Amino acid sequence: QRLSNVTLKSLPASVQRPIYDRTAVTPGIVHLGIGAFHRAHQAVYTDTVLADGDDRWGIVGASLRSTDTRDALAPQDGLYTVAARDGDGERLRVVGSSIDQLVAPEDPEHLLETMADPRVKVISLTVTEKGYCHSPSSGDLDEGHPDIRHDLAMPGSPRSAIGFIVEAVARRRAAGATPFTLLSCDNLPANGRTLKRVVTRFAELRDRDLGSFVADEIACPSTMVDRIVPATTDADRQTVSKSLGLTDAWPIMTEPFSQWVIEDDFPAGRPQWEAAGATFVSNVDPYELMKLRLLNGSHSTLAYLGYLAGHETVSDTMSAPGFAVLISGLMDEEVTSTLPQLPGIDLSAYKTDLMARFSNPALRHRTWQIAMDGSQKIPQRLLNTIRDRIKAGAPFARLALGVAAWIRYASGVDEKGAVIDVRDPFAAAMRRQAESVTSPTELASAFFNMEQVFGTDLPREQEFRSAVEAALAQLMRDGAAATVTQVISP
Ligand code: NAD
């Protein structure tokens, strides 16, 4: 039997479930990109708000790409399980906040009508870094992006998240409805400001008035989001369905930890997410810097080095010789000094927690998954930290090793000579670059020419070039496992 409204009552008593009347819930949020992370994070906070009795915040989720999430969730009335796992066991919660699932390419008009519904007050997004159609190093809209060119030519049937948002803004404006708030929940620096910049520019390119309207009227609070959510495997589907006694076609695996820090700028109103543990602040920047640099910077470094050393998951990598020492050294010696003081945050406790979270044996978070889209992630996770270290005249060997490991990985062939399935908007170009060079120095130089990633400043820093070149040469000569043990005991 399938998980659904009707079968909910047969769940074992230990499984948390929606105890509110789901038929009374009305749409208040449209979420673009209903992937695993959204379903383990924002949807869970919203589920608590609905359970507290405020039924105005049902989530209509939209996928801008594939039909898979809708196909899995629609037959189960949008219900799915979140399994929070660590070494001590597993807690299951069935989440009821997703009230409808749309597939944008099938019917863009239906999604636009829903976004223009005056009851909708928040449009939230997890569309991955590349979904913003911007240059990660400058933050500007990529005006030559094929989806952006399409959406400017055909604004009424968009493809990109940016195109949908701006068309929905235009329709609400024409109908005299209050503007919605845009809430980016992706791992981008200043995610709200970045989103505002690209939507404003896109609107301007459509029509100057619409550009001014977006600039003046659309609030885009920034957020810091944190919960580790690996992709679900078939084995996960089976074990969760067995525990439920019902089939769940797409449960979500995660850790017990969850954090959400949000700038409190919602002119049209918002759910009381603080009741579910979210923190509202006036400026999210310091929290975001802490998270991008400590968590995501370490995660990417572990992913590239771990993958190259032959480890499938982050926790396997953490238990291999030298890696845990490397990562705690990276955080303590190279990242911490670049972070501002945060009242109420104990950075050493935060770092201790991170080491435990990375080592969580119950989360099979694949190094390959985190390695994806490196060209979009490396700037905010590692390169900006390096910029601060250079300014301070401080060393950054471990960060440089992380960057070199990305280059080694993105060149597309592993240490045994096998092809790596590199998923990245620049995968093909990076592979070609790698094939056209003969030495680590040339390989590094070819990558440094990617202005979207390195900007124009870093490639001019001799210290940066030498550190990355040396680490890359060592990786190519000795392999990742030996390089890590050498770096921690020079
Ligand atoms: P996922 O693969 O489960 O889902 C990705 C979603 O993004 C899908 O809905 C997909 O259709 C959509 N998407 C991909 N490319 C797109 C594009 N170009 N335009 C529009 N939509 C696009 O991945 P996930 O685990 O849900 O992660 C999504 C994002 O959430 C990450 O990129 C990151 O910014 C953020 N995040 C994830 C985690 C995590 O642990 N998984 C933690 C913090 C933040």
Side-chain angles (χ1 to χ4, degrees), residues 30-44 59 61-73 80 82 84 98 101-106 108 111 123-134 136 142 145-148 150-151 158-165 183-189 191 194-195 198 222-233 236 250-255 257-261 287-288 291-292 295-296 298-300 303 313-314 354 357-358 360 363-377 380-381 423-425:
V30 171
H31 185 83
L32 306 179
I34 33 171
F37 178 63
H38 164 72
R39 289 198 277 143
H41 193 267
Q42 304 97 59
V44 175
I59 303 174
S63 173
L64 273 57
R65 289 260 184 282
S66 71
T67 64
D68 52 4
T69 307
R70 189 271 321 270
D71 295 346
L73 296 194
Y80 61 92
V82 171
S98 181
Q101 301 81 39
L102 311 180
V103 176
E106 279 180 3
L111 174 56
I123 307 286
S124 53
L125 300 87
T126 49
V127 291
T128 78
E129 294 84 349
K130 61 188 179 302
Y132 291 76
C133 305
H134 73 311
D142 177 1
H145 192 293
D147 289 350
I148 294 300
H150 171 274
D151 293 357
R159 281 184 190 154
S160 72
I162 308 307
F164 273 102
I165 289 169
L183 191 64
S184 167
C185 297
D186 277 296
N187 283 330
L188 295 175
N191 53 14
T194 302
L195 178 60
V198 293
S222 285
T223 61
M224 182 270 251
V225 291
D226 189 6
R227 194 169 202 187
I228 297 176
V229 188
T232 305
T233 64
D236 297 327
W250 204 333
I252 303 295
M253 303 301 119
T254 187
E255 58 179 343
F257 182 92
S258 183
Q259 190 178 19
W260 196 7
V261 185
Y287 297 89
E288 169 206 289
K291 193 250 172 175
L292 279 175
L295 187 153
N296 299 116
S298 301
H299 237 176
S300 287
T313 68
V314 176
L354 279 183
R357 294 171 62 200
F358 293 150
N360 182 345
L363 269 195
R364 304 220 23 101
H365 202 184
R366 294 178 69 197
T367 46
W368 176 83
Q369 187 189 356
I370 301 162
M372 246 181 249
D373 292 334
S375 65
Q376 316 289 302
K377 293 173 170 173
Q380 60 272 24
R381 294 180 176 208
R423 301 283 172 93
D424 192 292

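Both backbone and side-chain heavy atoms feed into the values below; hydrogens, waters and symmetry mates do not. Just so you know, these numbers come straight off a predicted model, no measurement behind them. In what follows, residues are counted from 1 in the order of the sequence shown. As the structure lists them, so they are numbered: ligands from 1, and atoms in each ligand from 1.
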Partners passing salt bridge (charged side-chain N to carboxylate O under 4.0 Å, His left out) against D147 (at least two apart in sequence or in another chain): none

By salt bridge (charged side-chain N to carboxylate O under 4.0 Å, His left out) - contacts of R423 (at least two apart): D421

Salt bridge (charged side-chain N to carboxylate O under 4.0 Å, His left out) against R159, all qualifying residues, sequence neighbours excluded: none

Parallel, tilted or perpendicular: rings of H38 and H31 (30°, 60°): parallel

R357 and E255 ion-paired at < 4.0 Å: yes

Reported CD-to-OG distance for the pair Q101 and S63, which is rounded to 0.5 angstrom: 11.0 Å

Please produce the table of protein N or O atoms sitting under 3.5 Å from N or O atoms belonging to ligand 1, one pair a line, distance to 0.1 Å.
| from | atom 1 | to | atom 2 | distance (Å) |
| --- | --- | --- | --- | --- |
| ligand 1 | 3 (O) | A36 | N | 2.9 |
| ligand 1 | 7 (O) | T126 | O | 3.4 |
| ligand 1 | 18 (N) | R65 | NH2 | 2.5 |
| ligand 1 | 26 (O) | A36 | N | 3.1 |
| ligand 1 | 26 (O) | F37 | N | 2.8 |
| ligand 1 | 34 (O) | D186 | OD1 | 2.7 |
| ligand 1 | 34 (O) | N187 | N | 2.9 |
| ligand 1 | 40 (O) | R227 | O | 3.3 |
| ligand 1 | 40 (O) | V229 | N | 2.9 |
| ligand 1 | 41 (N) | V229 | O | 3.1 |

